[in-house]
Structure formats: structure tokens, C-alpha cells
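First the proteins, then the strands, lettered A, B, ... as listed; each starts at 1. These numbers were taken from a predicted model, which means no experiment stands behind them.
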4 protein chains.
Amino acid sequence: MVSESTGSTRSRIQAVALELFTEQGYEKTSLREIAERLGVTKAALYYHFKSKEEIVNSVVEDRLARLDAIIERAHTRPDDAAGRHAIIAEYADEFFQHGPSAMRFFEQNQTAFKHLSGGQQMRERLFAMIGLLSRGTDSPADQLRAALALFSIHSSLFAVRGPELSNEERKRVALEVAHELLDTIDGKPPAGTD
Amino acid sequence: MVSESTGSTRSRIQAVALELFTEQGYEKTSLREIAERLGVTKAALYYHFKSKEEIVNSVVEDRLARLDAIIERAHTRPDDAAGRHAIIAEYADEFFQHGPSAMRFFEQNQTAFKHLSGGQQMRERLFAMIGLLSRGTDSPADQLRAALALFSIHSSLFAVRGPELSNEERKRVALEVAHELLDTIDGKPPAGTD
Amino acid sequence: MVSESTGSTRSRIQAVALELFTEQGYEKTSLREIAERLGVTKAALYYHFKSKEEIVNSVVEDRLARLDAIIERAHTRPDDAAGRHAIIAEYADEFFQHGPSAMRFFEQNQTAFKHLSGGQQMRERLFAMIGLLSRGTDSPADQLRAALALFSIHSSLFAVRGPELSNEERKRVALEVAHELLDTIDGKPPAGTD
Amino acid sequence: MVSESTGSTRSRIQAVALELFTEQGYEKTSLREIAERLGVTKAALYYHFKSKEEIVNSVVEDRLARLDAIIERAHTRPDDAAGRHAIIAEYADEFFQHGPSAMRFFEQNQTAFKHLSGGQQMRERLFAMIGLLSRGTDSPADQLRAALALFSIHSSLFAVRGPELSNEERKRVALEVAHELLDTIDGKPPAGTD
DNA sequence: AATGAATGAGTATTCATTCAT
DNA sequence: AATGAATGAATACTCATTCAT
């Protein structure tokens, strides 16, 4: 209702939409609600985006681009513990910098995302990450370790109940646990783990 | 359109609802759709349940009861690696026996569940499980390990790409990784806990 | 707004829709308007018909059936002036009995009907009639005469300005002119025309 | 998307509008659609015309003027078969020269035209033409013959199925049939009608 | 001569729910 | 144990139109 005219209308729509979609879910959030929060009419949303789905896609788009960059660099890294550490570290940096909101958005809307083009691309990227973290092994256990290493980053936000943990601390903890998981991959644990 | 009339109408409603809610999400699934699949009218659903939410709750209810049993038994177990193994093993048994559908249902509908009483209870139980798996430690890393041990069970269904893995094999893999995580908890191997 | 409960709701919807579609056009007539005239809600319309288009189709359906019957009988008639007289007479009977409303409806909504399945079928039937009235000749002029014979029936409603003409009289006039046109077909004018 | 920039924007708008209104109907055609086809914005349309209706009126205007000229000349012609031939010939010339598009536009949008000032004027002119073609007779049958003579011109475009007929040929056929109709007018029925 | 941004009123359609039978 | 008929409130989306630039 109040229009704190920060930024162009287009990006204000994206911000409010991201927030509401995350809180209440994509389906449950109506365009009326978004418009009201911004103090504009529904028709204004349609001036900037041609459908509800397009709002989602536009929000997802730049996270997708950043993920793609990470994935590209990951391909060039050595297929060993050190390489995997580097990959997950980059992912954690991205996640804690721009990410929590976008990722929570994604996790909170899994079913909706199944049928949204932006969502499907997100899925693909995550599976690509997992694949890259478990390159060179076919072991099911290793694949699972790679997946959990990734989830370690995501989960650190809500699974760790420590009341007043900074994001920096959460990231450190998340990486610590992720490293343990990644180091077990391939049956070649680094020397000093025992 | 007419499902095989197996079981009472009431339980057929629950089964179809669970399936559709999981596939398409709670919000996206309409009572009309459920009714049509069963070959009855919407009004029939209202004979058996007094609202859409109540269908969800009734579906969740017995899983909740079983989870409660597991949690109760968990309280009596020793606060060491062996105890944790026993807890997670029981959880895995439940999950792979009745569970995948119910759990996927839950994971696919996180936002909806935030505002559904059955969902909130599910959340509580999961956090209780994580708490029990990391009893006796305040370490954030340990809490995260406990959470990931739980997610190891859930993730084994989709994160492991092995094409033709049986549920039995998935369970074994999930527990293998879960054990690694749980065994790292506390840095104080069973002895010094008392 | 007033609900003179004549007939089932379903057929009252059809009647009101036909009337409004004819007066104002299909596109210009909203379901809200139809519902209001009937004193029901829009949702009630959707209980009886699954879309706006379906209302049109259902209205057109029985006229279509009657037209088909006429066409079928027309096939069995001799391919001469007498046969053509019989065909057009039957058509005129149908038109003046049930028809004016339905036909005006059709003529007033030509563009809409192009994209409505019921409309396309109507078109087909009319062209079939024209074809049957000009069977056995390839002469363009004859085809045109056949078409105008048909339009003679339709046009008699509005083209004849005589203020207080009964439908019976209009039909007689229409058939008189139609006969002239049909009798010229095929270069075999009936004996006394020259 | 960008049309060949032939002619001023104003007349390009008229051309595209006429085309779309005829194909899809006035109501169904949106200004957005027209603007997109031209590669301009909707607001540009409003620079040239002050409303949607005004676009229609402007398109109709010059046809109206030409019709008026024909009607004026018609008044001066003798009230006999030869005079009527001259009138209909002039009308056919106009119709086949500029007309088919404009006339189809009119016929395809009858309901819309009822409430559009340009449309009402078109109606008037057509009835005036019919009146002039049946001057001097009160016979309903003659009025109908006059109307059908006019429709003969219009119908020749679609009612004659001859695949590759030129407009010139269609005109000839149309006039042949129109003449037959007009020659019967005047209460001087051919011998055998009684 | 035109655009970018927006609006107010409307559209068809869907939904969860109710209730008399 | 269920249906047929209906409702009120909502939804995504579209339209003709306006106006400052």
C-alpha cells in the first residue's frame, strides 16, 4: 500500500514477489496481493511482465546465470578433494551472499517449480552441482554424500538452532560438515581425517 | 474415472488426495479433481471430511502417530553412537515402509504446511528427531550433522541416480552415510558422555 | 434479476443467452449479464455449462439436428424444379417455426461463429442446402440463384418493410420469390415462365 | 511485426484495422493487436484517432460518401427496368472496385455496427438502395426482389463456389441474376405467375 | 509523431463450501 | 452414503483509455 519508491517499479515487483512467494507459496500468492503491497494496480504488473510465471522466471534468471558461472568453473577443477572443496566453497559464497532468499524461495515452492520453466532450470543446475561434486565415482553412497554436502549449505540456515549465529559462522559450520562428506567420497579420504 | 473400489470411500479419498497433493501441490489440487478421479461428487468428500484441510490432517495423522512412537522410544535410548544408530534405523524403517509418499508429500508442500495444523505438527516431529540425534551437544556442527543424517534418508530417494536401485539398497546406502555423520557427532565417543 | 422460474435453469440460460447473443453479439454479451437477467450467479452458469462456447453450442445443437433432417430428406428428392420447391418449402417451414431467432443469432454473429464449433457446423449446413438446391448444374449463376433462394427466406424478415405483415404472409412472399429463382436454375425453366 | 511502411501511419492503421475487424470481428480485435501489427504502441493509435469507434467510422466514411453519390444519381434515374439496371450496375462497380473488403467488414460485424454510428449510417444507405430499386411499388414481393438483387452482388463473392472465378466474372454473374430479379419488379409479373 | 507507464473496469473461469433431498 | 444445484469470493488476465514526456 505504501509505495516507498525505491528502484524501478519492475524491480520492486520482483522483490515483493520473491518475498511473498517464499512466505506463502507461489500458488497462494495472488497478483492482487503483490500489487497492493506496491501501491499499484494489477494491470501495472502486466505492463511489466506478461504473466505470473514470467515474474518468477525473471526473478530466477540472474541466480541462474550466477549458478551457471559456478558450474562452468567447476568443470575445470581437479577431480579430487581439493577441487570439490573449491566448488562447494564457491557455491557457499554465492548462497550466503545473494542466495538465501532465492534458495528458500526455490525450496518452498518445489511443486510449483516443477511446472515453471525457471524452476525446472533451477533443478537442473542443482543436479549438475551434485554431479560435479561426485565426478569420477559411480558409488551411490558417494552421490548421496555429494548431495548432502550441498544440502549442508542450505540446511545451515534453519537446521542449526544456535540462536544468534551470524551468516559468516553458519557458512563456516556448513563448510566444515560439507568437507567431511566430500572427503569421504571416492574411498580416498585425505590422509589426516582419521 | 472410477477407481478400483478398494477400501472404504473414506480411505480412497485419502489415497487419491495424498497422490495428487504430492504431485501437484496442495493449493493446485482441487477437490473437484479428487472427486472426479474417484467417480464421486465433491459433496461426497464433504460427507467424509469437513474441509480440505481436514483431508490433509487425516492423511498425516497416522504417520504422526508412528513418528511419535519412534520419538518416544528414542528418548529411552543411550545418548551415544549406538543409540543414535538405533534411532535413525527405526526412522529409516518407517520411512521406507509407509513413508516415501507421506514424506515427499510433506517436502513438496512446505509452504502450504506452514499454515496447516497437520503440517506444523510434522515439522515439530522432524525437529524433535534432529534434537534427539544431537542430544548432549550444543555444537552447531553437530546439529547440522544430525539434520543431514535425517535428510540422508529422505534424499536417498532422488539424490542417488542409480537407475534400478531397490528400496532396500537405498536404505542401506542412506544408513551408511547417516552413520558416518552421526559418528562424528560430539567428538566425545560414547565413553565420556555420561 | 427477476426469476420467473419457467423451465429448468439450464434451458432458461439457453433462452436468455440466445436472446442476448442475438441482440448484442456473442463477444459483447458477458456471462455476468446473462446471470443477472436470470437472477442467479455466474457460477451457476458454470454448473450447467462448462464454458461460454458450450452455451452457444448447446443452443445451436437442436436447430442443427433439424437442419440435418431436412438435408437428409432433400437428398431423396428429384433433381428438378418440383424437388427444389419441396426442399425450400421445408426449410421455410422450419425457419418460420423455430427459426427466426436462431437464424438471426447466426447471422448477427458471423465472425464469432467462425471460431465456434457450433457456428462452423451451421455454415456447413447452409452451404449443403445451397448445394442441394443447385444439384446437377455447375453454372455459377445457378449457384447464386440457389443461394439467393435461401436468403430470400431469411431476408423476408427485415427486407420487407410492410409494417404489419404476419409471418405466414412473409413466408408466402419469400417462397414466391424463391421459386422464381429456383425455376430459372438449370436452363430448364418451367413451361409458362418465358 | 513491422509492416511495410507504405502510406502514412494514419492510413496504415485504417488498413490493418479493416483487415482485423473483418477477420476477427470488431469486439474481438484489440487495439494492442492492431498496434503490434504495425510496430507502434497503442498510444500512437490515440494520436491519430480519439477512440476505437473513430477508427471504424473513419474507415467507413469514404465508402459512405461514394454510396451517397450513387444514391443521389439513382434518384434521377427513370423508375423502370432500365433505370434499375443502371443503379445496380453502378453499385456493383463500386462494390467490386473498393468494396468487397468494406462490405464484408460490414456484414461480419452486424451486431457491433448496430451501436456504432458509422454502422448505422451504412445500414441506412443499404435500405435506401433497396428502396430506390423498388420505387413505385408497394408489393412486398418486389421489395424482397430488390433486396435480393443487392445481395446478389454481395453474395457473388462467397456463394459461387467456382474455384478460380475472376472478380470480373463474378460481377457479370451477379448482375445477370440481379437483372432477372429487378425485371420482375413493378407488379408486372411474368405471364404465368397469377 | 509518438512512447512508457499506468489505471479502472471488465472478462471468463475456478474454488471451497453449503444444503435440501 | 451421497447427489444436484447453487453461491460468494477469488483468480489470472485483458481492454480501452489517459497523460506526462
Side-chain angles (χ1 to χ4, degrees), chain A residues 3 5 8-10 12-13 26-35 38-55, chain B residues 5 8-10 12-13 26-35 38-56, chain C residues 3 5 8-10 12-13 26-35 38-55, chain D residues 5 8-10 12-13 26-35 38-56:
Chain A
S3 51
S5 298
S8 65
T9 298
R10 195 188 140 93
R12 286 170 62 225
I13 293 171
Y26 175 77
E27 310 282 359
K28 198 67 186 304
T29 303
S30 72
L31 296 185
R32 178 183 52 71
E33 216 173 343
I34 297 177
L38 288 166
V40 298
T41 61
K42 275 179 291 168
L45 306 188
Y46 279 92
Y47 177 75
H48 292 284
F49 300 93
K50 70 184 211 294
S51 70
K52 191 181 179 186
E53 167 158 10
E54 240 225 57
I55 299 182
Chain B
S5 302
S8 65
T9 297
R10 194 186 142 91
R12 287 168 62 224
I13 293 173
Y26 175 77
E27 311 282 359
K28 198 67 185 303
T29 303
S30 70
L31 296 186
R32 178 180 53 70
E33 219 172 341
I34 296 176
L38 288 165
V40 299
T41 60
K42 275 182 292 171
L45 305 187
Y46 279 89
Y47 178 78
H48 292 284
F49 301 94
K50 71 181 214 289
S51 71
K52 191 182 180 185
E53 168 158 11
E54 240 224 31
I55 298 182
V56 169
Chain C
S3 50
S5 300
S8 65
T9 298
R10 194 187 141 93
R12 286 171 61 228
I13 293 171
Y26 175 77
E27 311 281 359
K28 199 65 186 304
T29 303
S30 71
L31 296 187
R32 177 183 51 71
E33 216 172 342
I34 297 176
L38 287 166
V40 298
T41 61
K42 274 181 291 168
L45 305 187
Y46 279 91
Y47 177 77
H48 292 284
F49 300 93
K50 69 186 214 293
S51 69
K52 190 182 180 184
E53 168 159 10
E54 240 224 62
I55 298 182
Chain D
S5 302
S8 66
T9 297
R10 194 187 141 92
R12 287 169 61 227
I13 293 172
Y26 175 76
E27 311 282 359
K28 198 64 183 304
T29 302
S30 70
L31 296 186
R32 178 180 53 69
E33 218 173 341
I34 296 176
L38 288 166
V40 299
T41 61
K42 273 182 293 169
L45 306 187
Y46 279 89
Y47 178 78
H48 292 284
F49 300 94
K50 71 181 215 291
S51 71
K52 190 182 180 185
E53 169 159 9
E54 239 224 31
I55 298 181
V56 169

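Residue D:T41 places no side-chain N or O under 4.0 Å from the OP1 or OP2 atom of E:dG4. Residue B:H48 places at least one side-chain N or O closer than 4.0 Å to OP1 or OP2 of F:dA2. Here C:Y47 reaches the OP1 or OP2 of F:dA5: one of its side-chain N or O atoms lies under 4.0 Å away.
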- Query: In dot-bracket notation, what is the pairing pattern of DNA chain E, taking Watson-Crick (N1-N3 plus N6-O4 or O6-N4) and G-U wobble (N1-O2 and O6-N3) contacts under 3.5 Å, with [ ] crossing and | for other strands?
  - Reply: .||||||||||||||||||||
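If you measure from atom CD1 of C:I13 to atom P of F:dA6, you get 8 Å, rounded to the nearest angstrom. Rounding to whole angstrom units, CZ of residue D:R10 and P of E:dA2 are separated by 12 Å. The CG atom of A:L38 sits 15 Å away from the C1' atom of E:dT7 (whole-angstrom rounding). Spacing between atom CG of C:L45 and atom P of F:dG8 amounts to 14 Å, rounded to whole angstrom units. Going from atom CZ of C:F49 over to atom P of E:dT14 covers 15 Å, rounded to whole Å.
Annotation: side chain of C:L38 is not in contact with side chain of C:T9 (no heavy-atom distance under 4.5 Å). Side chains of C:I55 and C:I13 form a contact here, defined as non-hydrogen atoms less than 4.5 Å apart.
Here the OG1 atom belonging to D:T41 is positioned 11.5 Å from the CG atom belonging to D:L31, to the nearest 0.5 angstrom.
Taking each heavy atom of B:K28 and A:E27 in turn, the nearest pair found is CD-OE2, 3.3 Å.
For A:K42, the salt bridge (Lys or Arg N to Asp or Glu O under 4.0 Å) criterion is met by no residue, not counting sequence neighbours. Taking the salt bridge (Lys or Arg N to Asp or Glu O under 4.0 Å) definition, one finds that B:E53 meets it with nothing, sequence neighbours left out. Take D:E33 and apply the side-chain hydrogen bond (donor to acceptor under 3.5 Å, both in side chains) test, not counting sequence neighbours, and it matches D:Q24. Applying the salt bridge (Lys or Arg N to Asp or Glu O under 4.0 Å) test to B:R10 and every residue at least two apart in sequence or in another chain returns nothing.
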- Encode nucleotides 15-21 of chain F as B, S and - characters from 5' to 3', where the letter depends on protein heavy atoms closer than 4.0 Å: B to the base, S only to sugar-phosphate, - to neither. BBBBB--
